[in-house]
Amino acid sequence: MQRTPLRTLGAACAAALTLAPISPAHAIAPTRGDVVSVTRIAAMSKEKTAEYLATMSFGSPKPKYGVEAYRVVYRTIAVDGRPTTASGLIVLPGGKNRRLRTVVYEHGTNPTKKAAATVDSGSYDRAASILFAGAGFGTVAPDYLGLGLGPGRHPYMDHASETSASLDMLRAAEKVAARHGRVLDRRVRVTGFSQGGAAAMALGRVLQAKGRLAALAPVSGPYDVEHAEVPEGLHGTSLDPREVTFYLGYWLTSMNRLHHIYASPSEAFRQPYSATVETLFDGDHTPAEIVTGLPATPRELLTPAFIKRFDHPTGSLARALRRNDDTCTSWTPHSPVRIYAAHGDKDVTIRNAESCVRALRAHGVAAPLVDVGDTDHNGSALRSIPQIVTWFSSL
């Protein structure tokens, strides 16, 4: 559930960024995946790509290609099924290969529209996407709904809308690639970090049903919020209380818009936070502003009655939890799967990954759990994603 993207950007890389809008093709009847606009946001040689990735703590594997990155605004659907738009990133490698292997990268927790990979040149998620493209993959990275240039609020941790936005971004990316004389392979390698780890599992499930899943490698995802993340956050000692407080505030205010968990914020949140917590997660506040506006522990944020509801969820709370906790339990992957996590993670307990692996093994899937060690949450991605680049390249 990464919430703080890395922000440094080398001067050499910054000088390579360019903007060049491309007009979308006329569509007689707008449909999902139609391209609304395309803007080139980065163009780097192989050498500049290597410099950029090094500044973003991705020193390896070294890129084989330079890259061009484009911000795409495209048509999709909102959580209620109505038409809307969203933004996402497509990064194409240099070189002469017309047909490109495809990677979808699902991003981690981000509460701020302007911190999305399509907007923030120093975001970790943009760097991860460029890392895959530098290895030769056509890389697609949706912002999801309500982030980047998407209207409205982001429905945080809603796997249904993450999946629909990702599928429609993939459709849009195929059209953008075609404009550049490239073809994205329909069989897709899927990865993602934190929130994006669970989103990757959800997307993999749908892609498999369409015969399009090539491999799956989620990192540090909250796959079992009810039985792993919430109990450890409220009663355990391994997670950072401030991080738990942040995630619970974000999750509850988002899920309440979808599932009506509480009638008034005062039912869930203590004063004075009940008056401000929903505004903090409006998409315009930065992570630093949100943390400043929240208490230091989840027990200072939540009412005692609501903590009891989390301990024994029923009704709309139980539905919200269980609707989004089935990404490892409700299907049997037929493509290669590896689950990455870190036992030192203080944001997302490794118990989530252990639960996911148990569920997959119960379905006969021998998915290994790759523990990348005693490192923090962002560190788990910095260690895992280069390994995934190498693994995807070997398949």
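Bear in mind that the values here come from a model prediction, so they are computed numbers and not experimental data. Hydrogens, waters and symmetry mates play no part in the numbers below; they use all other heavy atoms, side chains included.
- Residues Ala69 and Leu89 share a closest heavy-atom pair of CB-CD1, 4.2 Å.
- Panel note: side chain Arg257, backbone Thr253; a donor-acceptor pair is recorded below 3.5 Å.
- Within the 4.5 Å cutoff, no side-chain heavy atoms of Met169 are placed close to those of Thr76.
- Using a 4.5 Å cut-off between side-chain heavy atoms of Ile, Leu, Val, Met, Phe, Trp and Tyr, with links allowed through other members, Val104 and Leu147 fall into different hydrophobic clusters.
- Between the side chains of Asp282 and Thr279, no donor-acceptor pair of N or O atoms lies under 3.5 Å.
- Proximity of Ile350 to Asp345: side-chain heavy atoms (C-beta onward) are nowhere separated by under 4.5 Å.
- With sequence neighbours excluded, the residues that form a ring pair (Phe, Tyr, Trp, His ring centres under 6.0 Å) with Phe269 are Tyr262.
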Verdict with reasoning, Arg187 to Thr102, per side chain to side chain contact (heavy atoms under 4.5 Å, CB included):
CA-CA 7 Å; Arg187 286 185 56 78; Thr102 308; over 6 Å; no

What pairs of donor and acceptor atoms, side-chain ones from residues 363-370 against any protein atom, are under 3.5 angstrom apart with sequence neighbours left out?
unit_1 : atom_1 : unit_2 : atom_2 : d
His363 : ND1    : Trp331 : O      : 3.2
His363 : ND1    : Thr332 : OG1    : 3.0
His363 : NE2    : Thr329 : O      : 3.2

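- Between the side chains of Asp168 and Tyr74, no donor N or O sits under 3.5 Å from an acceptor N or O.
- Linking ILVMFWY residues whenever their side-chain heavy atoms come closer than 4.5 Å, directly or via other members, leaves Tyr144 and Val348 in distinct clusters.
- With respect to Lys175 and Asp34, a salt bridge is recorded, a charged nitrogen being found less than 4.0 Å from a carboxylate O.
- Within 6.0 Å of NZ in Lys64 there are 12 or fewer heavy atoms belonging to other residues, nucleotides or ligands.
- Under a 3.5 Å cut-off, the side chain of Gln208 and the backbone N or O of His334 do form a donor-acceptor pair.
- Formation of a donor-acceptor pair under 3.5 Å by the Lys346 side chain with backbone atoms of Pro241 is not found in this model.
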From CA spacing to verdict: ring pair (Phe, Tyr, Trp, His ring centres under 6.0 Å), His107, Tyr124
CA-CA 9 Å; His107 71 73; Tyr124 159 81; over 10 Å; no

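- In this structure, Tyr65 OH and Lys46 NZ are separated by 9.5 Å, a value rounded to the nearest 0.5 Å.
- When every heavy atom of Ala177 is checked against every heavy atom of Leu184, the shortest pair comes out as CB-CG, 3.9 Å.
- Put simply, the side chain of Val140 does not reach to within 4.5 Å of the side chain of Val188, judged on heavy atoms.
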Distance-only donor-acceptor hits, side chain of residues 302-317, under 3.5 Å, sequence neighbours excluded:
unit_1 : atom_1 : unit_2 : atom_2 : d
Thr303 : OG1    : Glu267 : O      : 3.1
Thr303 : OG1    : Phe306 : N      : 3.1
Arg309 : NH1    : Ile261 : O      : 3.1
Asp311 : OD1    : His235 : NE2    : 2.7
Ser316 : OG     : His260 : O      : 3.4

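- Here the CG-CZ distance, from Asp185 to Arg99, works out to 6.0 Å after rounding to the nearest 0.5 Å.
- Leu203 and Ile77 fall into different hydrophobic clusters, where Ile, Leu, Val, Met, Phe, Trp and Tyr side chains are chained together by heavy-atom contacts under 4.5 Å.
- Separation of atoms CG (Leu131) and NZ (Lys62) is listed at 11.0 Å; rounding is to 0.5 Å.
- Under the 4.5 Å side-chain criterion, counting only non-hydrogen atoms from C-beta, Lys114 is not in contact with Asp120.
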If you apply the rule side chain to side chain contact (heavy atoms under 4.5 Å, CB included), what do you find for Ser355 with His227, and how did you get there?
CA-CA 9 Å; Ser355 175; His227 302 108; over 6 Å; no

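- In this structure, the side chains of Gln195 and Trp251 stay at 4.5 Å or more apart for every pair of heavy atoms.
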Run Ile130 and Met56 through side chain to side chain contact (heavy atoms under 4.5 Å, CB included) and show every step you take.
CA-CA 11 Å; Ile130 287 174; Met56 301 297 285; over 6 Å; no

Verdict with reasoning, Ser220 to Tyr340, per side chain to side chain contact (heavy atoms under 4.5 Å, CB included)
CA-CA 6 Å; Ser220 301; Tyr340 291 77; over 6 Å; no

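- Side chains of Ser238 and Glu232: a donor on one and an acceptor on the other come within 3.5 Å.
- Although no hydrogens or angles enter the test, the distance criterion places a donor-acceptor pair under 3.5 Å between the side chain of Arg270 and the main chain of Arg299.
- A 4.5 Å side-chain heavy-atom check between Asp158 and Ser254 finds every atom pair outside the cut-off.
- Salt-bridge check for Arg82 with Asp80: passed, with a basic side-chain N closer than 4.0 Å to an acidic carboxylate O.
- Under the 4.5 Å side-chain criterion, counting only non-hydrogen atoms from C-beta, Arg186 is not in contact with Lys210.
- With hydrogens and angles disregarded, no donor-acceptor distance shorter than 3.5 Å links the side chain of Glu68 to the backbone of Gly94.
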Show me the donor-acceptor pairs, under 3.5 Å and distance only, between side chains in residues 386-395 and residues at least two apart or in other chains.
unit_1 : atom_1 : unit_2 : atom_2 : d
Gln387 : NE2    : Arg383 : O      : 3.3
Thr390 : OG1    : Pro386 : O      : 3.3
Ser393 : OG     : Val389 : O      : 2.8
Ser394 : OG     : Trp391 : O      : 2.6

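- For the pair Ser87 (side chain) and Leu149 (backbone), a donor-acceptor distance under 3.5 Å is present.
- Rounding to the nearest 0.5 Å gives a distance of 13.0 Å between CZ of Arg319 and CG of Asn324.
- Between Tyr105 and the choices Thr191, Val91, Val190, the side chain to side chain contact (heavy atoms under 4.5 Å, CB included) rule is met once, by Thr191.
- Residues satisfying the ring pair (Phe, Tyr, Trp, His ring centres under 6.0 Å) test with Phe132, not counting sequence neighbours, are none.
- With hydrogens and angles disregarded, no donor-acceptor distance shorter than 3.5 Å links the side chain of Arg32 to the backbone of Leu167.
- The existence of a salt bridge linking Arg322 and Asp325 is excluded, since no basic side-chain nitrogen approaches an acidic carboxylate oxygen closer than 4.0 Å.
- Of all non-hydrogen atoms in Ile339 and Ala353, the two that sit nearest each other are CG2-CB, 3.9 Å.
- A side-chain donor-acceptor contact under 3.5 Å links Arg71 to the backbone of Thr118.
- One distance of note links CG of Asp224 with SG of Cys328; it measures 8.5 Å at 0.5 Å rounding.
- Between Leu170 and Arg212 the shortest side-chain heavy-atom distance falls below 4.5 Å.
- With hydrogens and angles disregarded, a donor-acceptor distance shorter than 3.5 Å links the side chain of Thr112 to the backbone of His285.
- Note on ring orientation: taking the six-membered ring where Trp is involved, the planes of Tyr250 and Phe281 are parallel (angle under 30°, cut-offs 30° and 60°).
- Under the salt bridge (charged side-chain N to carboxylate O under 4.0 Å, His left out) criterion, Arg75 pairs with no residue at all, not counting sequence neighbours.
- Expressed to the nearest 0.5 Å, how far CD of Glu51 lies from CG of Leu53 amounts to 10.5 Å.
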